[in-house]
Amino acid sequence: MRPPARAWWVLLILGLAALAAGCAQEPAEGDGGSSSPERPEAAEPEQAPGPPQAREAGTERDVVRWAVDDVEHLVPGDATTRDELLVVSALFTPLTRVEAEGRARPGLALSWSADEDATRWRFELDPDARFHVPEEDGGPRAVTAEDVAFAWDRAAREGRAGFLLEDVRGYEAVAEGRRDALEGVQAVDERTLEVVLDRPHGQLDVLVSHPSLAPVPRERWQEDPDREQDRPVGNGPFVMAEPDAPEREIRVRAVDEPGRLQHSAVDEIFFHRLPPDDAYVAFQQERVHVAPVPSGALRSARARHGDLDRGDPGGVDLGRSPALTALGVRADGALDDPELRQAVSAAIDRQALVEALPDQGSVAADALLLPQLRAAEEGRCDHCSYAPFAARATLGSADVETLTLVIDDAPAHEPLVERLVADLAAVGVTLEVERRPYEAYWDAVRAGQGDLFRIGWRPEHLTGLDVLWPLLHSEGRWNHTGLQDDELDELLEDARGATNPLLRQRWLGDAEERAHEHAVVLPLLGEARPLVQSPEVEGLRPHPLGRFDLRTLALSPTVDADP
């Protein structure tokens, strides 16, 4: 439970923060799946459609070949998948960048500040930042605050990633078509952007690091939006190298002009559009440098290529992410008592669920905030430990004999369903499963149908607020459990408005603890999104959200076998 008074630890944390600031030399600043049989390790891969051999010895240009699958949108505001955001991050630079530890660093903006209640922010843009407009269209031009405002207005009005702006004043009016521009986004001058929020947010500098919030050249979009969709002009470290993005590959080349933000270590990147199975075969045949590891092939890939975290060149990056698979539980249904919901959680053997999945690299989740989003090891939920005898006693004493699970009908969910049915049967509860097409499934969830429903949640930023607020706050967009808790709301609001990271983590920890007591969202699994990379590839720094700073990407020199 939340302690009645927090004054003592607030003063302690503020004191420690002041001491640290005095000593520091630098200021601290959706879902789905697939399965396939595991590949036999000794078998030679068959030829798959794709690019030629990745790199030949003695080539003068460094060209990295990267296999991607789910790429339809190439511009900010529209990109949402991991592969789309990867390509967009090559072509565009947002206001800030966020490293793996979660702190905001300069991107397009060199500095930023917030008022006392974190509702009004100002971002000062880099005067050297340029859109890489082709010479035939006038050549490079400066990026201005109006370009950022235009891009955000467009994202809120018609973009698939417009939800990232929902805290900006006037978002609802633009999203609903009642206004064309966000009231809370203003270009004070060419280099200064002011953002006004409807409620405090102490991590706006982290939120604006999202690739889908990067600027676009407004006059080019106003002249020919179709052209910009097909061959976007951005301000990132790479530019489109072809008149249009071909069906089979997207080729980008490093920016030649000097500039503060342009520091690419490779000449070109070919993003080859290949399904995961074909991409992995192409990697084994040395026709791509980086590829996803398809479901069912992780164990053999690690045995054959090794793990990156061992320090060896090349290998598998497991891609541990804060994405969560969980069960939502209706707070006002058959399990209206938190003890009953906790008993359902204790009845689930999470480790057996991991083992039942087809070699996907998932891990058992014992908290709502996975390790990538927490500052300390504390926060695990007690009821996430497998305790079937206690669960049977609690559920039996309350005469809970039948429960209903609503889930979408994707075949990839069947191992989860089978495990849940078996685990609940072991404690005397029959689980009735209602499988529905995806949209019908969400309609049923929103309507409050079923006792349990599946949640697949992927945070967009490295902050626990991206999990706890939407799923558990009374006003959370994805709170479909019926939970209403003023104390939990207050904790989340305190964390949201905090600019001090130590205070924020403390409040988030308290909020997570209280959420575990309610047990309306039961964590089951953490996700892995593994990639395998060639020993030639250097400088790829793994990021929990699956994003990469492609400026650091490099190829090691190729040495001929014969002198």
Side-chain angles (χ1 to χ4, degrees), residues 33-45 54-55 64-69 82-83 86 99-102 265-266 269 274 276-325 350-351 353-366 370-374 377 458 462 525-550 552-559:
S34 61
S35 60
S36 62
E38 182 176 331
R39 299 176 184 277
E41 207 174 321
E44 287 299 320
R55 186 171 186 253
V64 172
R65 299 183 181 275
W66 194 311
V68 295
D69 178 28
R82 179 174 69 167
D83 288 341
L86 176 68
E99 298 178 353
E101 79 282 359
V266 297
I269 303 176
L274 292 170
D277 287 327
D278 290 346
Y280 185 58
V281 171
F283 176 84
Q284 291 172 292
Q285 296 170 343
E286 299 183 358
R287 294 186 292 124
V288 296
H289 294 101
V290 184
V293 179
S295 178
L298 180 58
R299 188 177 296 114
S300 62
R302 295 177 71 184
R304 180 169 185 167
H305 302 291
D307 285 351
L308 280 179
D309 59 8
R310 296 174 185 170
D312 298 328
V316 176
D317 169 18
L318 289 176
R320 297 291 187 209
S321 83
L324 183 71
T325 297
R350 290 162 173 80
Q351 192 54 47
L353 177 57
V354 169
E355 295 168 0
L357 293 171
D359 189 21
Q360 293 182 359
S362 301
V363 294
D366 57 5
L370 296 176
Q372 298 86 351
L373 298 181
R374 63 173 60 255
E377 288 300 312
R458 175 173 58 88
L462 281 177
L525 297 171
E527 180 184 80
R529 307 179 78 184
L531 290 174
V532 61
Q533 69 181 55
S534 163
E536 286 183 300
V537 173
E538 296 179 344
L540 262 189
R541 300 168 185 168
H543 191 284
L545 293 177
R547 300 171 195 158
F548 297 91
D549 186 349
L550 296 175
T552 66
L553 181 61
L555 287 180
S556 62
T558 302
V559 179

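Everything numeric here is computed off the predicted structure, so don't read it as measured data.
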Closest non-hydrogen atom pair, [X] against [Y]:
| X | Y | value |
| --- | --- | --- |
| P535 | S556 | O-OG, 4.0 Å |
| L370 | G526 | CD1-CA, 3.7 Å |
| L308 | G314 | CD2-O, 3.2 Å |
| S362 | A528 | N-CB, 4.5 Å |
| F283 | H305 | CE2-CE1, 3.6 Å |
| V288 | A279 | CG2-O, 3.9 Å |

Side chains of [X] and [Y], heavy atoms from C-beta outward: is any pair under 4.5 Å?
| X | Y | value |
| --- | --- | --- |
| V537 | L540 | yes |
| L298 | L318 | yes |
| V363 | R320 | yes |
| F548 | V290 | no |

Roughly how far, to the nearest 0.5 Å, is [atom2] of [Y] from [atom1] of [X]?
| X | Y | atom1 | atom2 | result |
| --- | --- | --- | --- | --- |
| S295 | Y280 | OG | OH | 12.5 Å |
| I269 | L86 | CD1 | CG | 7.5 Å |
| R350 | T325 | CZ | OG1 | 11.5 Å |

Qualifying residues under side-chain contact (heavy atoms from CB on, under 4.5 Å), relative to A554, sequence neighbours excluded:
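A554: side-chain contact (heavy atoms from CB on, under 4.5 Å) contacts with A265, E538.
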Going by side-chain contact (heavy atoms from CB on, under 4.5 Å), name the residues that satisfy it together with V354, two or more places apart in sequence or in a different chain.
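Q351, A364, L525.
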Quick check against the 3.5 Å criterion: does [X] have a side-chain atom that pairs as donor or acceptor with the backbone of [Y]?
| X | Y | value |
| --- | --- | --- |
| S321 | L545 | no |
| D83 | D69 | yes |
| R82 | R529 | yes |

Worked verdict on R304 versus Q284 for side-chain contact (heavy atoms from CB on, under 4.5 Å)
CA-CA 10 Å; R304 180 169 185 167; Q284 291 172 292; 2.8 Å; yes
What residues form a salt bridge (charged side-chain N to carboxylate O under 4.0 Å, His left out) with R547, not counting sequence neighbours?
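Partners of R547 by the salt bridge (charged side-chain N to carboxylate O under 4.0 Å, His left out) criterion, ordered by chain and then number, come out as E460.
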With respect to H289, which candidate in V532, V266, L553, L555 satisfies the side-chain contact (heavy atoms from CB on, under 4.5 Å) definition?
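Among V532, V266, L553, L555, the one meeting side-chain contact (heavy atoms from CB on, under 4.5 Å) with H289 is L555.
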What verdict does the side-chain contact (heavy atoms from CB on, under 4.5 Å) test give for V293 and L531, after you've listed the backbone C-alpha separation in whole Å, the side-chain angles of each residue and the deciding distance to 0.1 Å?
CA-CA 5 Å; V293 179; L531 290 174; 5.9 Å; no
